[in-house]
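If you're wondering where the values come from, they're calculated on a predicted model, not measured in any experiment.
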Amino acid sequence: RFNMVSNIFLIYLFMTAISYFWLDYVLAVEQIPGRDSARSRFLMLLPFLLSTAALILNYLLAPDMLFDEQLDTRPLFGVYLAAVPDLYLLLILFYTIRRARSEKNPSEKRSQLFIGLLPLMCLIGGLVQQFWYPYLPIFCSVSIILMMSFYIRSVQDQVSLDPLTGLNNRGQLIRYFSQRGNHRTEDRQTVVAMMDVDRFKSINDTFGHAEGDHALVLIAEALRKA
C-alpha cells in the first residue's frame, strides 16, 4: 500500500515540477524583468506549495476521498493532479498569445504562437491520462518532448537569426553555402545579391540609433515579403 501511494504522489510531484520549470524557462527565454526576485519566485511556487499542503492534509485526515479500497484514485485526486500543472501551462498560454497579438515582427509572432501552442498539447495529454490512461505517464512524456522541441528551436533561432530583424545571420549564410556546395547540381546556379541602404547613417545621426534599428526592421520585413 505504501509503495503504491508513494508512486502516485511521485507522479503528482513530477507533473508539477515539469510544468513549473517549463514556466521558469519560458520566462527566462522571454527575459521577463524581475523574474529572479524573491517575491516572483515565491509567487511562482505558491500554487504548488498550497496544493501540496492541501493534498497531504487531505490524505492524512480523509484518505478515502483520494483512494478507494483497491487504491484506485478517486476524481478528487485527479483535480490535485491537474490543477497546478494546468495553471502554470495556462499562464504560459495567456502570456504568449498576448505577446503574439502585440508583436509586429513576423518571426517573433510565429515564435510566440509556437510557445503558446505547446501548453495546449500538454493539457490534451494530461486530460487523456486523467480520464483514459491514469497510470501511463502521458502528460510527462508529452511535456518532455515538447520542452525539448522548444529548447532546440530557441537554440537554433539564437544561432541562426539576427535578434533585431529575424533575418538569417552570417553563420546561417555560411552553413547554407556549405550545404549547397555538397549538393551541387549541373542545371542550377546560386546568385548572391548585395544591398546597401542609402543614407542609413543620416537616420542614426538625425533621429538616433533606436530609429535606425526601426528602419532596419522595416527593411527586413520588406525583404521577407519580397
Restricting to non-hydrogen atoms, name the atom on V217 and the atom on L164 that form the minimum distance, rounded to 0.1 Å. CG2-O, 3.8 Å

Is a donor on one side and an acceptor on the other found under 3.5 Å between the side chain of Y20 and the backbone of V84? no

With side chains defined as the heavy atoms from C-beta onward, is the minimum distance between L161 and L167 less than 4.5 Å? no

Return the OG to CZ distance between S37 and F42, rounded to the nearest 0.5 Å. 12.0 Å

If the condition is side chain to side chain donor-acceptor pair (under 3.5 Å), which residues does K225 pass it with, not counting sequence neighbours? none

Just list the side-chain donor-acceptor pairs under 3.5 Å for residues 50-58, sequence neighbours left out, or say none.
{"residue": "S51", "atom": "OG", "partner": "Y12", "partner atom": "OH", "Å": "3.0"}
{"residue": "T52", "atom": "OG1", "partner": "Y12", "partner atom": "OH", "Å": "3.0"}
{"residue": "T52", "atom": "OG1", "partner": "F48", "partner atom": "O", "Å": "2.8"}
{"residue": "N58", "atom": "OD1", "partner": "Y80", "partner atom": "OH", "Å": "3.2"}
{"residue": "N58", "atom": "ND2", "partner": "A62", "partner atom": "O", "Å": "3.3"}

Any residue meeting side chain to side chain donor-acceptor pair (under 3.5 Å) with D213, in chain and number order, not counting sequence neighbours: none

Strictly by salt bridge (charged side-chain N to carboxylate O under 4.0 Å, His left out), give each pair with a member in residues 39-64 just once, sequence neighbours left out. D24-R41, D36-R41

According to a hydrophobic-cluster definition based on side-chain heavy atoms being under 4.5 Å apart (Ile, Leu, Val, Met, Phe, Trp, Tyr only), do L90 and Y88 belong together? yes

Shared hydrophobic cluster, Y59 / M65 (ILVMFWY, side-chain heavy atoms < 4.5 Å): yes

In this structure, would F94 and L23 fall into the same cluster of hydrophobic residues linked by side-chain contacts under 4.5 Å? no

Here the gap from H214 atom NE2 to E211 atom CD, rounded to the nearest 0.5 Å, amounts to 6.0 Å

With sequence neighbours left out, write down each residue that passes side chain to side chain donor-acceptor pair (under 3.5 Å) with N204, or none if nothing qualifies. none

Look at the side-chain heavy atoms of Ile, Leu, Val, Met, Phe, Trp and Tyr, link any pair under 4.5 Å apart, and say whether L46 and F21 land in one connected group. no

Side-chain donor-acceptor distances from residues 193-200 under 3.5 Å, at least two apart:
none

To the closest 0.5 Å, what do you measure between CG (L49) and CE (M44)? 12.0 Å

Mind listing the closest non-hydrogen atom pair of N169 and D162 along with its distance? CB-N, 4.2 Å

Is there a side-chain contact (heavy atoms from CB on, under 4.5 Å) between N168 and L173? Walk through the geometry before answering. CA-CA 7 Å; N168 293 319; L173 176 68; over 6 Å; no

